> 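One structure is given below, represented as structure tokens, and several questions about it will come after.
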Amino acid sequence: MKLLKDILYGVSVEAVVGSTSQQILTIEFDSRQVAEGTLFVAQKGLNVDGHDFIDSSVDKGARAVICEEFPMSMREGVTYIRVADSQNALARAASNFFDNPSDELELIGVTGTNGKTTVTTLLYKLFQKAGKPAGLISTIRICIGDQQLPTTHTTPDSITINRTLREMIDQGVGYCFMEVSSHGIAQGRTAGLNFKGGVFTNLTHDHLDYHGDFATYRNVKKSFFDQLGSDAFALYNADDKNGSVMVQNTAARKYSYALKTAADYKARIMENQFTGLQLQVNGFEVWTRLIGSFNAYNLLAIYAVSDLLGIEAQDSLRIISELENVDGRFQHILSKGGINAIVDYAHTPDALKNVLETINAIRSRNEQLITVVGCGGDRDREKRPKMGNIASSLSDQVIFTSDNPRSEDPESIIREIEKGVRPENYKKTLSVTDRMQAIKTACAMAKEGDIVIVAGKGHETYQIIGDKRIDFDDFTITSDILTKMNK
């Protein structure tokens, strides 16, 4: 229970009707969750406007309402607070309600187009193995010490973030590694959080359906670093041309990492095989189970953060050598028939290019590389032909298929992907709309030594068709198909 005036500390308030001495028991933005003693925050969403539910929330017992527009009639005994930005107000109010938990631990945010999940997850695992209780807020799951919880958004809502951080502190967690998405930044979900460090991985074509253009997408990412304090660190990939842009206005201490250019943290790939990577990191050598140059960047970022947070180099590298791939990120299956299959989340042009180039750099060229890939519906359409071009240029055979079509016709999505295929690559391509059948076809085409990559969905255990979420796990399905083929 907290006084409303304490919850409003730091919130940009335009007008108040009623008393701010109200006792508040809980805070909600979903009117369905409102109960007696709630502070209800009305937000304008893409499909639903929370302002339409102010009266019903008051009927359920809301004692106070934060909104961008006052309702036509206001109830006596209820406090109404008008703000310019409800999303930002929610974030700051949620932080206050849970006693500003981000002040009490080392909260590190990781942002960029690719690598966020791998970097945050492996940092969490490294710190846990190092005996430093840690938490994780990622695309795949939320972890509080050894406890694992599912999550549905890359960056959860502000209430979930702050409640989770408070639970972490209550359970003795001292570090939290959090994915920070462009959507989460743009929607103000990270406002009011005290990040002790920020990491920039890379920036490529993605989410332009939401942000409109690349400059806006880049500037949203940059705003995360602009908000870091002088007591925080900003770690950036110096090999990415946007790296220096990210940190040019930050007050945080700046550190760089790179494989190709001069940097504070430098690595060199000595061996790159299907069994792992041999790296030289700031003069130390380490063998890791992760594969590919993109993972060399991820591992270097992990090493740098662990160093900046005080873990000895030898301890960090020893643990890095024990780490395994994150679910859905370059997960390798070797069938009894000698077929290599890889399941990866690569759903952007750059991520797909990285995965295929990594495989091509390792393989002998005496085998086929067969790629199964699609693109999600109701999302960035500009990347579809780019994905088609990359897949067909860097593979021996390609099967275009359905991903998460959502409300779009999957065959129409495939036709847009096919527009990127160059004439000389037409003969390499095949379209199989049903994803299960596409994976079966790829596995049937493969012979001993061949490589099948199933890209786009990675860790996801579902497929969204229309408004239905259907059970579908690329890794499990691919494994089962290959097992049955070899019986």
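We count residues from 1, following the sequence as given. The structure presented is a predicted model; accordingly, all values stated were derived computationally and were not measured.
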> Answer yes or no: is there a side-chain heavy-atom contact under 4.5 Å between Q147 and E167?
no

> For H51 and C67, indicate whether the former's side chain and the latter's backbone hold a donor-acceptor pair under 3.5 Å.
no

> Taking NZ, NE, NH1 and NH2 as the nitrogens, is one of them in R384 or E408 under 4.0 Å from a carboxylate oxygen of the other?
yes

> Under the criterion side-chain contact (heavy atoms from CB on, under 4.5 Å), which of T201, L299, D239, D264 is the partner of Y257?
T201

> For the atom pair CG (D103) and OG (S95), what is the distance rounded to the nearest 0.5 Å?
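Rounded to the nearest 0.5 Å, the CG-OG separation comes out at 6.5 Å.
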
> Kindly compute the distance separating CG (D474) from CZ (F472), expressed to the nearest 0.5 Å.
5.5 Å

> Please check this pair: side chain of K60 against backbone of S31, looking for a donor-acceptor N/O pair closer than 3.5 Å.
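Yes, K60 side chain to S31 backbone: donor-acceptor pair under 3.5 Å.
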
> If only atom types and distance count, is the side chain of K254 paired as donor or acceptor with the main-chain N or O of V247 below 3.5 Å?
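Checked: pair present.
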
> According to the interplanar angle, ranging from 0 to 90°, do the rings of F127 and Y175 count as parallel (below 30°), tilted (30 to 60°) or perpendicular (above 60°)?
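The rings of F127 and Y175 sit tilted, inter-plane angle from 30° to 60°.
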
> Spell out, as yes or no, whether a donor-acceptor pair under 3.5 Å connects the side chain of Q463 to the backbone of I470.
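Not a single qualifying donor-acceptor pair exists.
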
> List the steps and the verdict of salt bridge (charged side-chain N to carboxylate O under 4.0 Å, His left out) for R289 and E322.
CA-CA 7 Å; R289 301 178 190 180; E322 299 169 357; over 6 Å; no

> Counting only N and O atoms by type, is there a donor-acceptor contact under 3.5 Å from the side chain of E68 to the main-chain atoms of S86?
yes

> Would you find a donor on one side and an acceptor on the other, under 3.5 Å apart, between the side chain of T79 and the backbone of A64?
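Checked: no pair found.
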
> Could you grab the distance from atom CG of D327 to atom OG1 of T117, nearest 0.5 Å is fine?
10.5 Å

> Can you confirm whether or not the ring centre of Y303 sits under 6.0 Å from the ring centre of F284?
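Distance test on ring centres: not under 6.0 Å, no.
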
> Please report the shortest heavy-atom distance between A455 and L352, naming the atom on each side.
CB-CD1, 4.0 Å

> Between CZ of F97 and CG of N162, what distance do you get to the nearest 0.5 Å?
11.0 Å

> For the residue pair R329 / H459, report whether a side-chain donor-acceptor contact shorter than 3.5 Å exists.
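Checked: H459/R329 side chains pair up, N/O donor to acceptor below 3.5 Å.
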
> Looking at D471, I'd like to know if its CG atom is crowded, meaning that more than 12 non-hydrogen atoms belonging to other residues, nucleotides or ligands lie closer than 6.0 Å.
no

> Do side-chain atoms of S102 reach the backbone of L193 as a donor and acceptor pair under 3.5 angstrom?
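No: the side chain of S102 does not pair with the backbone of L193.
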
> Please determine whether a side-chain nitrogen of the Lys or Arg among E69 and K44 lies less than 4.0 Å from a carboxylate oxygen of the Asp or Glu.
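Yes, E69 and K44 are salt-bridged.
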
> With rounding to the nearest 0.5 Å, note down the distance linking NZ in K196 to CD in E106.
5.5 Å

> Could you go through the side chain to side chain contact (heavy atoms under 4.5 Å, CB included) check for S244 and Q248 one step at a time?
CA-CA 6 Å; S244 58; Q248 65 185 11; over 6 Å; no

> Looking at every heavy atom in both A89 and V83, which two are closest together, and how far apart are they?
CB-CG2, 4.0 Å

> Are S321 and W287 close enough that some pair of their side-chain heavy atoms sits under 4.5 Å apart?
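No - every pair of side-chain heavy atoms lies 4.5 Å or more apart.
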
> Hey, does the side chain of K116 reach the backbone of M178 with a donor-acceptor pair shorter than 3.5 angstrom?
no

> Answer whether the closest heavy-atom distance between the side chains of T111 and F225 falls below 4.5 Å.
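T111 reaches F225 side chain to side chain.
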
> Below 6.0 angstrom between ring centroids: does that apply to H347 and Y345?
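Aromatic pair counts; centres sit under 6.0 Å.
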
> With no hydrogens and no angle check, do the side chains of K222 and N242 hold a donor and an acceptor under 3.5 Å apart?
no

> Considering all heavy atoms of both residues, which atom of Y124 and which atom of A134 are nearest to each other, and what is their separation?
CE1-O, 3.4 Å

> What do the steps show when you test D146 against Q128 for side-chain hydrogen bond (donor to acceptor under 3.5 Å, both in side chains), and what is the final call?
CA-CA 8 Å; D146 293 327; Q128 284 284 95; 3.0 Å; yes

> Search all heavy atoms of I302 against all heavy atoms of V119 and return the closest pair with its distance.
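Reported closest heavy-atom pair: CG1-O, 4.0 Å.
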
> Identify the two heavy atoms, one from L228 and one from F195, that lie closest to each other, and give their separation to 0.1 Å.
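Result for this residue pair: CD2-CB, 3.7 Å.
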
> Tell me if a side-chain donor or acceptor on N404 pairs with a main-chain N or O of R406 at a distance below 3.5 Å.
no

> With K457 as the cation and F475 as the aromatic partner, state whether NZ or CZ is under 6.0 Å from the six-membered ring centre and within 45° of the axis.
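Relative to the ring axis of F475, which defines the angle, K457 lies outside at least one limit.
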
> Answer yes or no: is there a side-chain heavy-atom contact under 4.5 Å between V11 and I81?
no

> Does a side chain donor of either R92 or N88 reach within less than 3.5 Å of an acceptor in the other side chain?
yes

> Any chance you could lay out the salt bridge (charged side-chain N to carboxylate O under 4.0 Å, His left out) test for D157 and R163, step after step, and finish with the verdict?
CA-CA 10 Å; D157 65 80; R163 181 189 295 116; 5.9 Å; no

> Using a strict threshold of under 4.0 Å (side-chain N to carboxylate O), is an ion pair present between D315 and K129?
no

> Run the side chain to side chain contact (heavy atoms under 4.5 Å, CB included) test on D6 and N96 for me, step by step, so that the C-alpha distance in whole Å, both residues' side-chain angles and the decisive distance to 0.1 Å come before the verdict.
CA-CA 7 Å; D6 293 332; N96 291 332; over 6 Å; no

> If I compare all heavy atoms of G466 with all of I464, which pair ends up nearest, and what's the gap?
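It is O-CG2, 3.8 Å.
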
> Hey, are N114 and D350 close enough side-chain-wise for a donor-acceptor pair under 3.5 Å?
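Indeed, the side chains of D350 and N114 share at least one donor-acceptor pair under 3.5 Å.
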
> Can you find a heavy atom in the side chain of R32 that is under 4.5 Å from one in the side chain of F53?
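No, their side chains stay 4.5 Å or more apart.
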
> Side chains of M246 and R218: does their closest heavy-atom pair fall under 4.5 Å?
yes

> Does I24 offer a backbone N or O that forms a donor-acceptor pair with the side chain of R63 under 3.5 Å?
no

> Quick one, Q23 with L3, criterion side chain to side chain contact (heavy atoms under 4.5 Å, CB included). Give me CA distance, side-chain angles, the key distance, then yes/no.
CA-CA 5 Å; Q23 292 278 359; L3 289 176; 3.6 Å; yes

> Would a 4.5 Å heavy-atom cut-off, applied to side chains only, mark V281 and Y265 as touching?
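When only atoms from C-beta onward are counted, Y265 and V281 do not touch, as no gap falls below 4.5 Å.
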
> Set out, in order, the CA-CA distance, both residues' side-chain angles and the distance that settles side chain to side chain contact (heavy atoms under 4.5 Å, CB included) for I108 and T120, then state yes or no.
CA-CA 9 Å; I108 310 300; T120 52; over 6 Å; no

> How about L8 and I66: do any of their side-chain heavy atoms sit closer than 4.5 Å?
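A side-chain contact exists here, since the closest heavy-atom pair is under 4.5 Å.
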
> Out of curiosity, E179 CD to I140 CD1, how far, rounded to the nearest 0.5 Å?
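Interatomic distance, E179 CD to I140 CD1, rounded to 0.5 Å: 7.5 Å.
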
